[in-house]
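Take a look at the structure below.
Residue numbers run from 1 in the order of the sequence given.
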Amino acid sequence: AAARTYVEGRIDKVLTGYSLVLAVNDAESGNAVVTVNEVAEGDAAVIGTLDRLVRKLREKLGEKSSAVRSTGRGLAIITPSFEAYRDYARALELQRHREYAASNRVLQAAVGRDSAFASAWKAIGANYNNMGSLDSAQTAFDTALRYPDRLTENERLGLQIFVAYVVRYDLQKALDLYDALV
């Protein structure tokens with residue numbers, strides 16, 4: 001409620017590609033303060049194009065180019081597959097509505113498209129944990145942790161904390177990991 005601006009995005013299908021637009025809008029007037037756009041040539045290019053757009057937007061908002069470059073690949077860390085990311089987003093919505101089994105079916109499609117999609121494996125583990133299937137949860141969490149380069153450092157530590165505390169009941173390990181996170 002106190003925000004002066006907000007980011008709005010749009011992806012539109014154009015022939016075989018996509019038009020991507022990001023805008024920072026004034027919260028009071030709704031008018032665009034800064035807008036960036038690009039075209040992605042097909043599904044495989046959407047994530048990379050979105051990463052470039054985010055970088056452009058950050059630079060247009062005044063962030064130093066060196067700071068923008070130092071933050072890594074953004075969404076490409078999660079998955080380079082637009083289809084897998086779409087499945088993941090749909091699955092998280094199902095998860096939010098506590099439809100864990102349905103969410104896992106969609107997440108299985110996501111990891112079928114990108115077997116190293118660590119965030120999807122993490123979500124599968126969370127669903128299994130919520131359904132009381134701790135062995136399956138542990139297997140999914142272990143799979144996610146096999147791809148540490150596909151998780152941000154905070155995600156990786158958060159997952160390790162969850163596994164230590166909730167799955168393995170190792171309070172000391174969880175506390176040590178919390179210290180590392182802080």
Side-chain angles (χ1 to χ4, degrees), residues 5-26 30-97 99-128 139-156 158-159:
T5 59
Y6 62 93
V7 177
E8 180 179 53
R10 192 177 71 246
I11 299 177
D12 296 313
K13 184 82 171 147
V14 179
L15 300 173
T16 60
Y18 296 89
S19 167
L20 290 83
V21 179
L22 290 177
V24 174
N25 298 323
D26 180 271
N31 295 330
V33 176
V34 176
T35 302
V36 292
N37 58 13
E38 272 197 42
V39 173
E41 298 296 331
D43 291 357
V46 171
I47 299 294
T49 302
L50 189 53
D51 271 349
R52 281 193 308 280
L53 270 180
V54 168
R55 289 172 184 279
K56 276 184 178 178
L57 185 64
R58 289 171 57 193
E59 287 179 1
K60 278 192 165 190
L61 289 171
E63 193 170 345
K64 291 182 181 178
S65 296
S66 59
V68 172
R69 282 191 306 275
S70 71
T71 57
R73 297 175 297 154
L75 282 176
I77 290 172
I78 296 172
T79 181
S81 168
F82 182 51
E83 297 88 359
Y85 189 77
R86 265 195 299 219
D87 291 338
Y88 176 71
R90 188 174 38 224
L92 291 184
E93 184 65 21
L94 290 166
Q95 188 180 63
R96 193 173 69 78
H97 287 88
E99 296 178 39
Y100 305 123
S103 176
N104 267 0
R105 285 191 294 276
V106 177
L107 287 164
Q108 290 295 336
V111 297
R113 297 176 195 278
D114 178 3
S115 62
F117 192 171
S119 296
W121 283 111
K122 181 178 149 190
I124 290 168
N127 285 336
Y128 277 130
T139 300
F141 292 143
D142 288 345
T143 303
L145 290 170
R146 277 195 294 239
Y147 306 104
D149 60 323
R150 298 287 295 278
L151 295 166
T152 66
E153 184 177 6
N154 286 350
E155 281 182 307
R156 182 183 50 76
L159 176 54

Would the distance check show the side chain of W121 and the main-chain N or O of T139 forming a donor-acceptor pair, the cut-off being under 3.5 Å?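 Looks like no, no N/O pair under 3.5 Å.
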Short side-chain to backbone donor-acceptor contact, S103 and E99, under 3.5 Å: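 The answer is no, because no donor-acceptor pair under 3.5 Å joins these two groups.
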For the residue pair [X] and [Y], what are the closest heavy atoms and their distance?
{"X": "A110", "Y": "A120", "value": "CB-CB, 4.4 Å"}
{"X": "L151", "Y": "A144", "value": "CD1-O, 4.0 Å"}
{"X": "P148", "Y": "L145", "value": "CD-O, 3.4 Å"}
{"X": "P80", "Y": "I47", "value": "O-CG1, 3.9 Å"}
{"X": "L22", "Y": "G9", "value": "CD2-CA, 3.9 Å"}
{"X": "A123", "Y": "Y88", "value": "CB-CE1, 4.3 Å"}

Once you round to the nearest 0.5 Å, how far does [atom1] of [X] lie from [atom2] of [Y]?
{"X": "T5", "Y": "N25", "atom1": "OG1", "atom2": "CG", "value": "8.5 Å"}
{"X": "F117", "Y": "Y147", "atom1": "CZ", "atom2": "OH", "value": "13.0 Å"}
{"X": "D114", "Y": "S81", "atom1": "CG", "atom2": "OG", "value": "6.0 Å"}
{"X": "E93", "Y": "Q95", "atom1": "CD", "atom2": "CD", "value": "10.5 Å"}
{"X": "D149", "Y": "R156", "atom1": "CG", "atom2": "CZ", "value": "11.0 Å"}
{"X": "L20", "Y": "L53", "atom1": "CG", "atom2": "CG", "value": "6.0 Å"}

List the atom pairs, donor and acceptor, that lie under 3.5 Å between side-chain atoms in residues 11-19 and the rest of the protein, sequence neighbours left out.
| unit_1 | atom_1 | unit_2 | atom_2 | d |
| --- | --- | --- | --- | --- |
| D12 | OD2 | R10 | NE | 2.7 |
| Y18 | OH | D43 | OD1 | 2.5 |

I want to check something: taking the side chain as every heavy atom from C-beta on, are [X] and [Y] in contact at a cut-off of under 4.5 Å?
{"X": "R96", "Y": "L92", "result": "no"}
{"X": "V21", "Y": "T35", "result": "yes"}
{"X": "S119", "Y": "T79", "result": "no"}

Once salt bridge (Lys or Arg N to Asp or Glu O under 4.0 Å) is applied, what residue pairs with a partner in residues 16-25 remain, sequence neighbours excluded?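 Found none.
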Passes side chain to side chain contact (heavy atoms under 4.5 Å, CB included), L57 versus V34? Steps please. CA-CA 7 Å; L57 185 64; V34 176; 3.7 Å; yes
Side chain to side chain contact (heavy atoms under 4.5 Å, CB included) for R58 and V54? Distances and angles first, verdict last. CA-CA 6 Å; R58 289 171 57 193; V54 168; 3.9 Å; yes
